[in-house]
Amino acid sequence: MGRSFWSDPDRRRAGMLSVLVHALALIALIAWIDLDLGEPTPPEQFLVIDLGTPQVAEEAELAP
């Protein structure tokens with residue numbers, strides 16, 4: 001991979017094409033993962049209103 005790689009145009013072209021294809025594949029994989037995640041759906045939220053009568057406390061609590 002020393003001098004003969006850079007002096008041979010066919011090997012140099014094949015090496016650069018390999019780098020380009022791998023870079024495009026990596027970019028496509030990152031874009032696919034980013035699009036696949038998207039926005040997470042928020043969990044369902046419910047408002048609970050208790051309409052019962054309040055219970056009487058057994059002991060009085062003093063406020064601090």
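For the single chain, residues carry numbers from 1 onward in sequence order. As the structure is a computational prediction, the values presented were derived from the model and not from experiment.
Leu26 pairs by the side-chain contact (heavy atoms from CB on, under 4.5 Å) definition with Ile30, not counting sequence neighbours. Taking the side-chain contact (heavy atoms from CB on, under 4.5 Å) definition, one finds that Ile49 meets it with Leu47, Leu51, sequence neighbours left out. With sequence neighbours excluded, the residues forming a side-chain contact (heavy atoms from CB on, under 4.5 Å) with Pro9 are Arg12, Arg13, listed by chain and number.
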